[in-house]
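Written below as structure tokens is the structure these notes are about.
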Amino acid sequence: MASCKKLLSSTHFRPLPSSVLNSLRYIQLDTPFNPKDLKGLTTDLIKSYFDKGSIEEARSLFDEMPQRDVIAWTVMITGYTSCNHHKRAWNVFSNMLRDGVKPNAFTVSAVLKACKSLKALSCGELVHGLAIKIGTQGSSIYVDNALMDMYATCCDNMDNARLVFEDIVTKNAVSWTTLITGYTHRRDSYGGLRVFRQMFMEGGELSPFSFSIAVSACASIGSSNLGKQVHAAVINHGFESNLPVMNSILDMYCRCRCASEAKQVFGEMTQKDTITWNTLIAGFQTLDSKESLCIFSQMVSEGVSPNCFTFTSVIAACANLAILYCGQQLHGGITHRGLDNNLELSNALIDMYAKCGNVDDSHKIFSGMPHTNLVSWTSMMIGYGAHGHGNEVVELFNEMVRSGIKPDKIVFMAVLSACSHAGLVDEGLKYFKLMTNYYNVAPDQEIYACVVDLLGRAGRVKEAYELIENMPFMPDESIWVALLGACKKHKQPSMGKLAALKVLDMKPNKAGTYVLLSNIYAAEGNWADFASLRKLMRSTISKKEVGRSWIELKNQVYSFAVGDRFVSSNEEVCEVLESLVKHMKQVGYVLDLDCFVHDLEDET
DNA sequence: TTAGGGTTAG
């Protein structure tokens, strides 16, 4: 007769989870023990081991069970899926069937979760058949919802998930949420929102989960109008006090570029957590980087501890603003908190140092990373490319492929752009061919624009034009802009005229194109077209935004534009500039008058 | 013994 004492003396139970020890304290250890109770207790222990992540202990305990009932098998399946060992969960299920144990609704829903995670549609279909045979489908809402989730994840479309959903007699909140999520996860936000509306019309059970997903769907579409309607429904149904729902509303306003609404929601939120702050900081990083740094500072001063998400956003803000000193200070904070090893954060640091001009520091981060992913390599390549190190980019690409990472479109854009700027035309063309022929990455407008730029920048304007003519789709404005740039650089007025007219046809508001085209007319003495174009330009477009450059000096950012006159506070800068110009003239710099761009005001 | 949601990088 087994007793709890004997059970406790077994080597498998050291160390026992504290939760188990607590529960054992209430058991009479010296009383004879019923094997049935022992089975239940062992199953509880297996579950506790899985909760703790002690998979092997759970497994050996299960292996030694003399009799395993359906609950024990199901706990193993659930345990493995909860620890992301889905293949093992499936194997347990197969062994269970082989042992002749009949699954119940708990087993079926647990194994369907494993099928979903493995994206194993055929396994899921097999389980579906079994569920029908043993009569669990239609009698357990857990099974129905799990089936729907499996089909939504594993199928190419939502038809099967929808069929299961329609057959559920009493749909609960999870049924609705699972269906809405099925659509939104496959980027069909409108589909998800249609189900959300149907849920209202049919009087379905509302839950904060469905509101969060609906709000997130509005954000993906970028529709603040729809988002505001869902926001109103959130208030009407009393979900305004739910923190995750309000966090998703905050995110929606940021992603829909409604900065003032985001600020207002944030200000009115009575409860805030780290995610609330992170959402606002990440949102403002793209809307207004400087403001996102101010919000970060407010977060810290209010005693909220920043995490990897927070730092990734503020480091990206520093990259956008090219403020090295601030980025370095934040990097110190990251090291101090021991967040150095976070992959996404390291990727953001690579990008920040490169954009702030310190590509060597980017490489230090990159080479010190214990694990890298596609983004790490791409960030490093873009950094090197922007600094004119084309050969390093090509080397990195080859090294990345050797390490087993599959390149995507953005990597090829990085390689092509780097080759273009470094004059490695044939090398770039080789990668363009490899991209389609070997890596099965389909070239799109952006890739073609890179290749046109690659050829055009090197003076192979005719080849660039031939490439455009043979493109498998209609070239968009970016392609013609790339050709126009090449024509300007290599003085090809007739082709430049053609490219400029194409650009104006597609984007009539681009001031720079008018200026370039009118300069071409002026260069060939075609004053009639020059005058009419300038007239058209004045009536159709707004003033061209002036390009600016800036440097960071002693924790202060100095910004410059053509024609700036410096006031006395910038005397030092002025002196440096004058000496630079002097030096440039000494080494033979001559102003390129052909490229001189007439400002609108210059003509008046 | 079961299920569904919100924040990060190129």
Side-chain angles (χ1 to χ4, degrees), chain A residues 40 43-44 46-47 50 69-79 81-82 104-113 116 136 140-150 152 172-182 184-185 205 207-217 219 239 242-252 254-255 273-283 285 307-316 319 339 342-352 354-355 362 372-383 385 408-411 413-414:
Chain A
T43 309
D44 282 350
I46 293 173
K47 193 173 175 295
F50 273 122
D69 61 4
V70 63
I71 299 177
W73 284 100
T74 308
V75 163
M76 285 302 290
I77 297 169
T78 315
T81 52
S82 68
N104 64 17
F106 287 81
T107 329
V108 170
S109 56
V111 79
L112 281 171
K113 200 176 170 188
K116 171 201 163 180
T136 52
S140 161
I141 188 74
Y142 285 93
V143 170
D144 292 338
N145 290 344
L147 268 174
M148 197 171 42
D149 201 10
M150 183 276 295
N172 68 6
V174 179
S175 319
W176 287 102
T177 319
T178 306
L179 191 67
I180 298 169
T181 314
T184 54
H185 277 186
E205 189 188 345
S207 73
F209 294 85
S210 54
F211 278 93
S212 287
I213 309 160
V215 173
S216 153
F239 289 110
N242 183 287
L243 187 55
V245 170
M246 292 316 292
N247 284 345
S248 64
I249 287 178
L250 188 63
D251 180 50
M252 180 272 293
C254 290
R255 282 162 69 190
D273 62 3
T274 311
I275 293 176
T276 318
W277 285 96
N278 287 354
T279 304
L280 194 69
I281 292 169
Q285 180 254 310
N307 63 14
C308 319
F309 287 85
T310 332
F311 279 113
T312 304
S313 297
V314 285
I315 288 293
L339 301 171
N342 179 270
L343 177 70
E344 289 77 13
L345 194 39
S346 301
N347 292 346
L349 282 167
I350 294 172
D351 187 49
M352 184 275 290
K355 283 186 178 149
S362 298
T372 50
N373 67 2
L374 182 64
V375 179
S376 327
W377 290 85
T378 320
S379 305
M380 198 58 247
M381 286 183 214
I382 290 172
D408 69 353
K409 192 199 97 177
I410 302 175
V411 171
M413 282 178 66

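Side-chain atoms are counted along with the backbone in the values below, which use heavy atoms only and exclude waters and symmetry mates. Proteins get letters first, then strands, A, B, ... in listed order; numbering begins at 1 in each.
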Here the gap from Asp44(A) atom CG to Ile71(A) atom CD1, rounded to the nearest 0.5 Å, amounts to 9.5 Å
Taken in chain and number order and not counting sequence neighbours, the residues that satisfy salt bridge (charged side-chain N to carboxylate O under 4.0 Å, His left out) with Asp251(A) are Arg255(A)
Sequence neighbours excluded, the answer for salt bridge (charged side-chain N to carboxylate O under 4.0 Å, His left out) partners of Lys47(A) is Asp51(A)
By the 4.0 Å heavy-atom rule, please label [X] as base, sugar-phosphate, or nothing.
{"X": "Leu374(A)", "answer": "base"}
{"X": "Thr74(A)", "answer": "base"}
{"X": "Asp144(A)", "answer": "nothing"}
{"X": "Asp69(A)", "answer": "nothing"}
{"X": "Val245(A)", "answer": "base"}
{"X": "Ser379(A)", "answer": "sugar-phosphate"}
{"X": "Ala72(A)", "answer": "nothing"}
{"X": "Val411(A)", "answer": "base"}
{"X": "Ile213(A)", "answer": "sugar-phosphate"}
{"X": "Ser210(A)", "answer": "nothing"}
{"X": "Asp251(A)", "answer": "sugar-phosphate"}
{"X": "Ile382(A)", "answer": "sugar-phosphate"}
{"X": "Asn172(A)", "answer": "base"}

Just jot down the side-chain contact (heavy atoms from CB on, under 4.5 Å) partners of [X], sequence neighbours excluded, or say none.
{"X": "Thr310(A)", "result": "Asn278(A), Ile281(A), Phe296(A), Met299(A), Pro306(A), Asn307(A)"}
{"X": "Thr81(A)", "result": "His86(A), Ala89(A), Ala114(A)"}
{"X": "Phe209(A)", "result": "Thr177(A), Ser207(A)"}
{"X": "Thr178(A)", "result": "Met148(A), Asp149(A), Val174(A)"}

Read 5' to 3' with Watson-Crick or G-U pairs under 3.5 Å, [ ] for crossing pairs and | for partners on another strand, DNA chain B gives ..........
Ser376(A) meets the side chain to side chain donor-acceptor pair (under 3.5 Å) criterion, sequence neighbours left out, with Asn347(A), Asn373(A)
State whether the side chain of Ser362(A) and the backbone N or O of Ile350(A) hold a donor-acceptor pair below 3.5 Å, judged by distance alone.
-> yes
Students should find that the nucleotides of DNA chain B closing off the region near chain A, any atom under 4.0 angstrom from a heavy atom, are dT1(B) to dG10(B)
